[in-house]
Amino acid sequence: MEKQPRILVSQFMLKNRVFEVTLNRLFLTWKELNARKKRVSGSIHNTFKVGFCLAKVLHRTRGVTSGSHCVPVSEIIAVQETEVDNIQTKDEGKWQKMSQKTVETYPYAFTVFYVERARQHRWRCGNVTFFCSDGLLRQQWVQAIKEQLSLQTCRPKHLLVYINPYGGKQQGKQIYEQKVVQLFTLASISTDVIVTERANHARDHLKTEADLKKYDGIVCVGGDGMFSEVIHGLISRTQTDSGVDQNCAHEKLVQCNLRVGIIPAGSTDCICYATIGINDPVTSALHIIVGDSQALDVCSVHHNDTFLKYSVSLLGYGFYGDILADSEKKRWMGPARYDFSGIKTFLSHHYYEGTVSFQPATDILGNPRDKTKCRSGCYVCQHNGQLFSEEIRDESVEGGVSENEDEREWKVVKGKFLAINAASMSCACPRSPKGLSPAAHLADGTTDIILVRKCSRLNFLRHLLRHTSKDDQFDLTFIEVHRVRKFKFTPKYCESEDTDVKDVRKKLFSQICRDHPACSCTSVNSNWNCDGEILDHAAVEVGVHCQLIKLFARGIEEKAGV
Ligand SMILES: Nc1ncnc2c1ncn2[C@@H]1O[C@H](COP(=O)(O)OP(=O)(O)OP(=O)(O)O)[C@@H](O)[C@H]1O
């Protein structure tokens, strides 16, 4: 890394010891001087030049090392002048232990708040207070750090916040007020807050009313359902403003400019888990404050040229559709309903007939059986994202006709399926740490279709258990996996134009009993589970829109914690 010129170097008191503190454009570092000679007397406030080995610190980049500590400027949250009178001189955090005498000798202090990494991708707001005897020196430092922070142009200044007060354990408002507000205030972020009054309040507000030009981002406080609402509102609004017809399955959608932050407060926070690595409100708030950006692919789902829904994680027909449909009827059971419906659905062992056709994504990097996973700064996402944007540019130069796309080969698979899953991300969650497709990418413009053909209960159980074990979950004869850009599903028992799934069930009741003689099955078609919501139609056409939205996240960091 190129050596950065120092902006300031000074000595300050910290924990009753002298530290040399250095600021450059990229890092704030502090290093104990005379490690053996702990207590000092006399003035130490002169700015001076020393033979400081910055490279030694840079290669460690973050966190505490034996003699020095280094924080990237991009992860400094704020800097404040500190009233020494207000400092409790003992036990105020790991950097604040100062004797009363030292505080009297060095009465000018400033505090730097920064991101501190803890276990399992958790972030905390750490702080360090430097003491000196010169008020001007303090002012110079505070000013210099503030200037560097003002150069971090990716940071949001004004946010629109939607809080679902009924999501999860109904703690959304409390979580926001107790864990997030003070961090936003510290980082000088102003907010307009809307506590939703009904389902789809946030979606409708974003679609039509919200003055989006005023904001640098949107925050949703809730679970995956609330996030889905927010992105539906934002994507629809962007398309309407750009004159794009969402009902046309082949339209290229316009990317959304505003980033979305998720403060997890739901019963399922899978998107947060997949894009940050943990569902923790403070961690999410800090990712918003430092202005992280993680692109995310979005699938559009259509039925007969009518737009149904967007999906960012799982589209599941058969097993996962049936679990959701059953669990919706048992909301009174609380989160236990997912276990109950899961076991019930597994035991009922329904299969569904139909045809899946898809366009394999052959010209890109990566495949679903890779050992490497999508992580922060993912090269596969960058490379493939670039490829897609070049294709779009070429098509628009050639007159907007997506010839290449139509020419691409379609593959067709007919059969009886226990499950058809399309995973646009790994779908990892605390229950299934590897997820449905461990090597799926957040932003490579594809989705992984996993076809689970009719097999014995025991084999299906083997497949399910592999979501949690080390074994390759696709290495089974009844499983196929394909990385695709588009796919269609046509159930064997087709829905007529004006009927929905329920009507089809009634109509084909006699057929059903013939096909499933051993059980009391009442369904000929399953339901699509679209990111936790049931779709009204079984026949669908799905297209992936590469990097359509952006989150205040950075993907899962490779090395967690310090
Ligand atoms: N004020 C409100 N009253 C009722 N429902 C709301 C309100 N605001 C949002 N919703 C809806 O509540 C649903 C669930 O919200 P959320 O995702 O925050 O919590 P959850 O407990 O994780 O839910 P889920 O079971 O969907 O995962 C969302 O689909 C959202 O549309």
Side-chain angles (χ1 to χ4, degrees), residues 160-177 179-180 192-210 218-237 260-276 278-281 284-285 296 298 301 308-316 320-342 345 425 427-432 435-436 527-536 549 551-552:
L160 174 58
V161 180
Y162 295 102
I163 302 177
N164 175 3
Y166 299 111
K169 293 183 185 136
Q170 310 194 344
Q171 294 289 304
K173 225 164 152 265
Q174 288 89 321
I175 287 172
Y176 181 72
E177 280 160 9
K179 300 193 171 179
V180 179
D192 288 336
V193 178
I194 295 176
V195 179
T196 59
E197 288 161 12
R198 58 178 170 83
N200 292 325
H201 181 170
R203 186 197 65 184
D204 297 344
H205 184 256
L206 272 168
K207 253 185 174 176
T208 50
E209 272 175 68
I218 299 165
V219 172
C220 66
V221 184
D224 290 338
M226 189 60 189
F227 172 72
S228 175
E229 247 198 54
V230 165
I231 63 159
H232 275 81
L234 182 63
I235 297 171
S236 294
R237 174 70 174 272
V260 181
I262 312 169
I263 302 292
S267 47
T268 49
D269 302 305
C270 291
I271 312 297
C272 213
Y273 190 85
T275 54
I276 285 181
I278 190 163
N279 40 356
D280 171 60
S284 287
L296 207 58
V298 177
V301 189
L308 296 181
K309 276 259 168 213
Y310 292 116
S311 158
V312 293
S313 58
L314 173 68
L315 271 161
Y320 290 103
D322 291 354
I323 291 178
L324 181 66
D326 190 68
S327 69
E328 283 297 302
K329 294 179 214 146
K330 299 182 175 59
R331 283 202 153 258
W332 55 270
M333 288 175 87
R337 69 186 186 273
Y338 295 116
D339 290 327
F340 181 87
S341 298
T345 306
M425 53 174 70
C427 301
C429 63
R431 243 161 214 262
S432 166
L436 292 187
N527 301 281
W528 280 99
N529 173 341
C530 175
D531 292 358
E533 279 193 50
I534 292 175
L535 297 184
D536 288 337
I549 57 170
L551 302 191
F552 285 111

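Both counts, for ligands and for their atoms, begin at 1 and track the order of listing. These numbers were taken from a predicted model, which means no experiment stands behind them. For this chain, numbers begin at 1 and follow the sequence in order. No hydrogens, no waters, no symmetry mates; every other heavy atom, side chains included, goes into these values.
Proximity of a side-chain donor or acceptor of N164 to a complementary backbone N or O of T196 within less than 3.5 Å is not detected. The main-chain N or O of L324 is found under 3.5 Å from a side-chain atom of S327 such that the two form a donor-acceptor pair. When atom types are taken as modelled, the side chain of D269 and the backbone of N279 share no donor-acceptor pair closer than 3.5 angstrom. Although no hydrogens or angles enter the test, the distance criterion places no donor-acceptor pair under 3.5 Å between the side chain of R337 and the main chain of K330. Here the side chain of D326 pairs no donor or acceptor atom with the backbone of S341 at under 3.5 angstrom. Judged purely by atom type and a 3.5 angstrom limit, D531 uses its side chain to pair as donor or acceptor with the backbone of L314.
Proximity of H201 to ligand 1, defined as any heavy-atom pair under 4.0 Å, is not found for any part of the residue. Within the 4.0 Å heavy-atom criterion, the part of D224 lying near ligand 1 is the backbone and not the side chain. In E197, the part holding a heavy atom less than 4.0 Å from any atom of ligand 1 is the backbone. When heavy-atom distances to ligand 1 are checked against a 4.0 Å cut-off, E229 comes that close only through its side chain, counted from C-beta outward. In Y162, neither the side chain nor the backbone holds a heavy atom less than 4.0 Å from any atom of ligand 1.
Comparing heavy-atom distances from atom 12 (O) of ligand 1 across N164, V221, V195 singles out N164 as nearest. The residue from A199, C270, G532 that puts a heavy atom closest to atom 4 (C) of ligand 1 is A199.
The single protein non-hydrogen atom nearest to atom 3 (N) of ligand 1 is Y166 CD1, 3.2 Å, given as residue, atom name and distance. Nearest to atom 19 (O) of ligand 1 among the protein's heavy atoms is G167 CA, 3.3 Å. Shortest contact from atom 22 (O) of ligand 1 to any protein heavy atom: S267 N, 2.7 Å. In terms of protein heavy-atom proximity, atom 18 (O) of ligand 1 is closest to G223 N, 2.8 Å. Remark: minimum distance from atom 28 (C) of ligand 1 to any protein heavy atom is reached at G225 C, 3.7 Å. Distance from atom 8 (N) of ligand 1 to its nearest protein heavy atom, with residue and atom name: T196 OG1, 2.8 Å. At the top of the distance list for atom 21 (O) of ligand 1, counting protein heavy atoms only, stands G168 N, 2.7 Å.
The N/O atoms of M226, backbone and side chain alike, include one that comes under 3.5 Å of an N/O atom in ligand 1.
The environment of Y166 atom OH is sparse: at most 12 non-hydrogen atoms of other residues, nucleotides or ligands sit within 6.0 angstrom.
Atom OG of S236 and atom CZ of R203 lie 7.5 Å apart (nearest 0.5 Å). Here the CD1-OH distance, from I278 to Y273, works out to 8.0 Å after rounding to the nearest 0.5 Å.
The residue from V161, I262, L160 that alone fulfils the side-chain contact (heavy atoms from CB on, under 4.5 Å) condition with V219 is V161. For the side-chain hydrogen bond (donor to acceptor under 3.5 Å, both in side chains) with Y162, the qualifying choice from H205, E229, H201 is H205, the only one to do so.
Within ligand 1, counting atoms from 1 as listed, the ones closer than 4.0 Å to a heavy atom of T268 are 22 (O), 27 (O). Atoms of ligand 1 lying under 4.0 Å from any heavy atom of Y338, numbered from 1 in the order shown and given with element: 25 (O). Ligand-side atoms of ligand 1 in range of G222: 18 (O), range being under 4.0 angstrom from any heavy atom.
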